[in-house]
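To keep things clear, I will list the structure first and then write my remarks on it.
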Number of protein chains: 2
Amino acid sequence: MARNADGTRARLLSAARHEFAAFGLAGARVDRIAADAGSNKAQIYYYFGSKDQLFDTVFAAALDDLVRGTPMDVNDLPGFAAQLAEAYEHDPDLLRLVSWQRLERGARRERRERRERRAGPTPRAAVEATQAGIAQIAQAQAQGRLSDRYPADVLLHAVLHIAALWAPASRDLAWSGKPLPSAARDRIIAQMVLDLVAP
Amino acid sequence: MARNADGTRARLLSAARHEFAAFGLAGARVDRIAADAGSNKAQIYYYFGSKDQLFDTVFAAALDDLVRGTPMDVNDLPGFAAQLAEAYEHDPDLLRLVSWQRLERGARRERRERRERRAGPTPRAAVEATQAGIAQIAQAQAQGRLSDRYPADVLLHAVLHIAALWAPASRDLAWSGKPLPSAARDRIIAQMVLDLVAP
DNA sequence: CTCTGTCAACTGTCTAGTTAGTTGATAATC
DNA sequence: GATTATCAACTAACTAGACAGTTGACAGAG
C-alpha cells in the first residue's frame with residue numbers, strides 16, 4: 001500500500017462522514033469506516049484519537065464548508081435561503097449530520113453515560129459567520145431594509161429552518177412524497193422568506 | 001412485587017420513551033429501560049417483541065397523543081402553531097423522538113445492516129389527521145380564507161416546522177440562548193404563520 | 001538507523017436477545 | 001372450604017456475538 005498520510009486521512013474523513021450521516025454517532029461502526037476508507041481501524045485512532053473526536057472533526061468540517069460555500073447575503077435573504085436549499089439537496093448528508101449532532105452531541109443532561117461525554121466544540125468559522133449574519137440583519141432592520149417584526153437572531157434562525165424544509169431529514173407526515181422540481185422548491189422557499197422579511 | 005400486566009407495560013413504555021428520547025434507537029439500552037421501569041429485560045421482549053418494535057410503539061403512541069391533544073384549527077393556523085409550540089415546550093421528549101425516528105427509522109437506503117431493518121409503520125391516527133388537515137387547508141384556500149401562494153401540503157409542513165422553531169432539537173448556531181418567555185415566543189410563531197397564510 | 005505510516009490480531013467489555021425456572025392469582029374438583 | 005391444576009406475570013442467569021480501543025510488529029523513505 002502506497003504511503004500517503006494526507007490521502008489516508010482524507011479517505012477516513014470522507015468514509016466517516018458517510019457513516020455518521022447514515023447511522024449517527026452511536027450507530028456508526030468504526031470498523032465499517034476503516035473498511036470503507038480502504039484503511040485500518042488503528043489509523044482512525046492514530047489520526048483522530050477517538051470515535052467522538054472523529055465525529056466532531058467531521059461535523060466541524062461539514063459545517064465550515066457549508067458556511068464558506070453559501071455565504072449569507074443580507075440584501076437577498078430569499079435568495080440565500082434558496083441557495084441553502086440547493087446545497088442541502090446537493091449533499092443530503094449535511095443536514096443529517098447536523099441533526100445527529102444536535103441529538104447526540106448537544107448540551108443535553110445525558111442522564112448517565114459511561115464516560116462523561118461532554119458536548120463537542122462548535123466550529124469556529126460557523127459561529128463567527130452566524131454572529132456576523134445576525135449583526136448584519138439587525139443593521140438592515142434598523143435601516144428599514146428588513147422587517148423588524150422579528151428579532152434578528154430569530155429571523156436568521158427561521159430562514160435557516162425554512163431552507164431546510166425540503167430536506168429528507170425534515171420530512172414529516174404532511175409530506176405528499178411527490179418530488180417538487182428544484183426550481184419550484186426554490187421559488188416557494190424564497191417566497192416564504194420574503195413573507196417574513198419584507199418591511 | 002405485585003403482579004400487574006397493564007401497569008408493567010405502561011411503566012416499560014414510559015421508561016422507553018425517556019430512554020429513546022435521550023439516546024435514540026441505537027444509543028438506548030434495553031437493560032436501562034428495564035431497570036428504570038423497575039422491571040425485567042425479558043418483559044420487554046414478552047410485551048414488545050424487540051427493541052425496534054418497542055421504539056415504534058413508543059413513537060406511534062407519542063405522535064397519536066400529540067395529534068389528538070392538539071388538533072388543527074384551519075380557521076386559526078397561527079393559534080394552532082402556538083399551541084403546538086406549547087406542547088413541544090411542555091414535553092421536550094416529543095420532538096427528539098420525532099427526530100430520532102426520522103433519522104433512524106426513516107426510509108433511508110441503510111447501506112447495509114445486519115438484519116434488514118425496515119422502516120417502522122407510521123401511526124394511523126397521525127396520518128389521517130394530517131391528510132384531513134391538508135384537505136381542510138386546500139378547501140380554505142379555494143374559498144379565499146387562506147393564501148394560495150403555497151400548496152396546501154407545503155403550507156401545513158411549514159406551519160409544523162415553524163411551531164418547532166423553539167424546540168431544543170431545532171436550535172442552531174443562530175440561537176442566542178436567552179430564553180424567550182412562552183407568551184412572546186407564541187406571539188412570534190403566530191405572526192410568522194400569519195405572514196404565510198394571510199390571503 | 002530511525003521515523004512515520006500501516007496493519008492484523010488481540011482484549012476486555014458491553015449488549016440484544018434467550019432460557020429455564022419461580023411465583024402468585026384464579027378457577028376447577030372433590 | 002380445602003386441594004390441586006393452570007396459566008399469566010415475572011426473574012436471574014446465561015449466551016453468542018459485536019464493539020471501541022490497543023498493541024506490537026513491519027515496511028518504506030530520508
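Letters A, B, ... are given to chains in the order of the sequence lines, protein chains preceding strands, and every chain is numbered from 1.
For C:dG5, the OP1/OP2 oxygens have a side-chain nitrogen or oxygen of A:Y46 closer than 4.0 Å. Regarding contacts with the backbone of C:dG5, every side-chain N or O of A:Y47 stays at 4.0 angstrom or more from both OP1 and OP2. Between D:dG21 and A:S50, no contact under 4.0 Å exists linking OP1 or OP2 to a side-chain N or O. A close approach under 4.0 Å does not occur between any side-chain nitrogen or oxygen of A:R29 and OP1 or OP2 of D:dA18.
Residue pairs meeting the side chain to side chain donor-acceptor pair (under 3.5 Å) criterion with at least one partner in residues 69-79 of chain A, sequence neighbours excluded, are A:N75-A:R145. Pairs passing the salt bridge (Lys or Arg N to Asp or Glu O under 4.0 Å) check and including a residue from residues 37-49 of chain B, sequence neighbours excluded, read B:D31-B:K41. Pairs passing the salt bridge (Lys or Arg N to Asp or Glu O under 4.0 Å) check and including a residue from residues 190-199 of chain A, sequence neighbours excluded, read A:D195-B:R149.
B:E89 and B:S182 are linked by a side-chain donor-acceptor pair at a separation below 3.5 angstrom, with hydrogens and angles left out of the test.
One can place OH of A:Y45 at 17 Å from P of C:dT6, the figure rounded to the nearest angstrom. Between the P atom of C:dA25 and the CG atom of B:N4 lies a distance of 12 Å, rounded to the nearest Å.
With sequence neighbours excluded, the residues that form a ring pair (Phe, Tyr, Trp, His ring centres under 6.0 Å) with B:F55 are B:F20.
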For a quick test of your reading: what N or O donor-acceptor pairs under 3.5 Å do the side chains of residues 132-141 of chain B make, sequence neighbours left out?
residue	atom	partner	partner atom	Å
B:Q141	NE2	B:S147	O	2.9
B:Q141	NE2	B:Y150	O	2.7

Using atom names, set out every protein N or O paired with an N or O of nucleotides 8-12 of chain C below 3.5 Å, distance rounded to 0.1 Å.
residue	atom	partner	partner atom	Å
C:dA8	N7	A:N40	ND2	3.1

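Among the heavy atoms of the strands, none lies under 4.0 Å from A:A34.
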